[in-house]
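Written below as structure tokens is the structure these notes are about.
By convention in this document, chain letters (A, B, ...) are assigned in the order of the sequence lines, proteins followed by strands, and residues within each chain are numbered from 1. Because the structure is predicted, anything quoted here is derived from the model rather than measured.
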Number of protein chains: 2
Amino acid sequence: MKIGELAKAADTPVETIRYYERSGLLPETARTENNYRIYGEAQRDRLLFIRRCRGLDMSLDEIRLLLRFKDSPDENCAQVNALLDAHIGHVSVRIGELKNLERQLKALRKTCREARESSQCGILNGLSTCQESAPHTGKTGHVHGTHTMKS
Amino acid sequence: MKIGELAKAADTPVETIRYYERSGLLPETARTENNYRIYGEAQRDRLLFIRRCRGLDMSLDEIRLLLRFKDSPDENCAQVNALLDAHIGHVSVRIGELKNLERQLKALRKTCREARESSQCGILNGLSTCQESAPHTGKTGHVHGTHTMKS
DNA sequence: CTTGACTCTATAGCGGCTACGGGGTTTTCA
DNA sequence: TGAAAACCCCGTAGCCGCTATAGAGTCAAG
């Protein structure tokens with residue numbers, strides 16, 4: 001199949017597929033005489049694997065490692081287990097951080113019940129003065145921040 | 001004070017301060033005859049405000065908006081309240097997504113109790129076959145993924 | 001035979017920094 | 001006093017995982 005068909009089969013943008021190839025997650029494929037990429041089922045399955053991992057918020061580096069194990073079926077999978085444990089740990093930590101954040105944000109929100117002049121706004125004033133309680137350091141393994149707009 | 005002193009006062013790397021200036025969050029400051037930046041207390045407070053907002057995972061765009069309101073104390077703060085509500089919403093959604101993720105990851109982890117050959121690894125095999133249950137779309141307002149290594 | 005859908009490559013942009021390189025200045029300490 | 005360390009400047013490139021553009025070639029339908 002051509003790249004567009006693969007894109008549909010794996011529900012992945014064409015550009016992303018090419019990007020994965022550039023990044024070494026997908027091997028360079030055979031080409032037609034017109035230089036179009038041609039894929040088989042094995043590559044489709046590999047892409048689906050990658051997308052499932054991404055759906056579980058793994059990094060491309062982590063996925064690269066998993067693929068190495070998938071490609072060498074006789075090796076011991078202890079590292080796979082460790083990777084997953086670490087990933088779970090990061091996710092759990094990030095959940096904790098976000099809950100803390102949510103608490104702080106809700107407390108802050110309460111300080112301005114209705115619209116008034118900015119100078120009287122409890123939120124702006126709250127942000128202008130010190131608050132304690134465990135800041136988010138950005139150093140938590142690899143579970144990150146709060147912003148990626150799409151919609 | 002010079003930029004290094006400000007950096008200490010606000011616990012913020014020097015490069016980040018210069019970056020905020022470039023991004024228009026901090027105004028361009030006065031300079032000494034040697035072209036060193038000089039800051040006063042107002043700028044330090046402004047930087048602290050920014051850092052507190054960042055600590056609450058707000059984007060620089062959101063912070064820019066908040067600063068506009070802070071700079072015009074007579075305006076109505078309804079937009080500030082709305083911004084915070086939206087931000088809280090995004091954080092809550094992201095918490096839900098991560099919890100879902102955590103559940104899936106733990107289930108997956110259970111499928112390989114101890115180390116063995118990769119071909120027998122329940123995790124790798126699990127990732128190779130379909131699983132349902134609400135994927136993380138990456139379209140959730142602006143609360144993002146799971147990866148930013150620092151440590 | 002033209003239009004539109006597809007393919008290709010190479011390159012730049014997103015956010016929020018961080019790190020480099022290559023220079024100048026100021027402080028410190030022997 | 002003089003050298004070394006610590007600070008300051010600017011500009012640029014890199015991080016991640018895409019996404020979007022530009023400019024070109026190819027192919028199928030009407």
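In this structure, the nucleotide among D:dC10, C:dT9, C:dC17 sitting nearest to the side chain of B:Asn35 is D:dC10.
When rounded to the nearest whole Å, the span between CZ of A:Arg51 and P of D:dG17 equals 12 Å. Taking atom CD of A:Glu15 as the reference point, atom C1' of C:dA12 lies 14 Å away to the nearest angstrom. Distance CD1 (A:Ile3) to C1' (C:dT9): 12 Å, rounded to an integer number of Å. We find that CZ of B:Arg64 is positioned 8 Å from P of C:dG16, with the value rounded to whole Å. When the P atom of C:dA19 is taken as reference, atom CD1 of B:Ile17 falls 15 Å away, rounded to whole Å. Separating the CZ atom of B:Arg22 from the P atom of D:dT12 is a distance of 11 Å, rounded to the nearest angstrom. Distance CD (A:Glu5) to C1' (D:dC27): 13 Å, rounded to an integer number of Å. The CG atom of B:Leu6 sits 15 Å away from the C1' atom of D:dC7 (whole-angstrom rounding).
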What string of B, S and - do you get for nucleotides 21-29 of chain C, 5' to 3', when a contact is any protein heavy atom under 4.0 Å?
-> ---BSS---

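A sub-4.0 Å separation between OP1 or OP2 of D:dG17 and a side-chain N or O of A:Thr16 is absent.
Across all non-hydrogen atoms, the minimal contact from A:Asn35 to A:Arg31 is O-NH1, 3.0 Å. Taking all atoms of both residues into account, the shortest heavy-atom contact from A:Pro27 to A:Glu21 is O-CG, 4.1 Å.
For A:Arg51 and A:Thr12, the side-chain atoms include at least one donor-acceptor pair closer than 3.5 Å.
If B:Asp61 and A:Val14 are placed on DNA chain C by their nearest nucleotide, the residue sitting closer to the 5' end is A:Val14. Checking A:Arg37 against A:Lys8, the closest nucleotide of DNA chain C that is more toward the 5' end is the one next to A:Lys8.
If you check every strand for non-hydrogen atoms under 4.0 Å, A:Arg18 touches a base.
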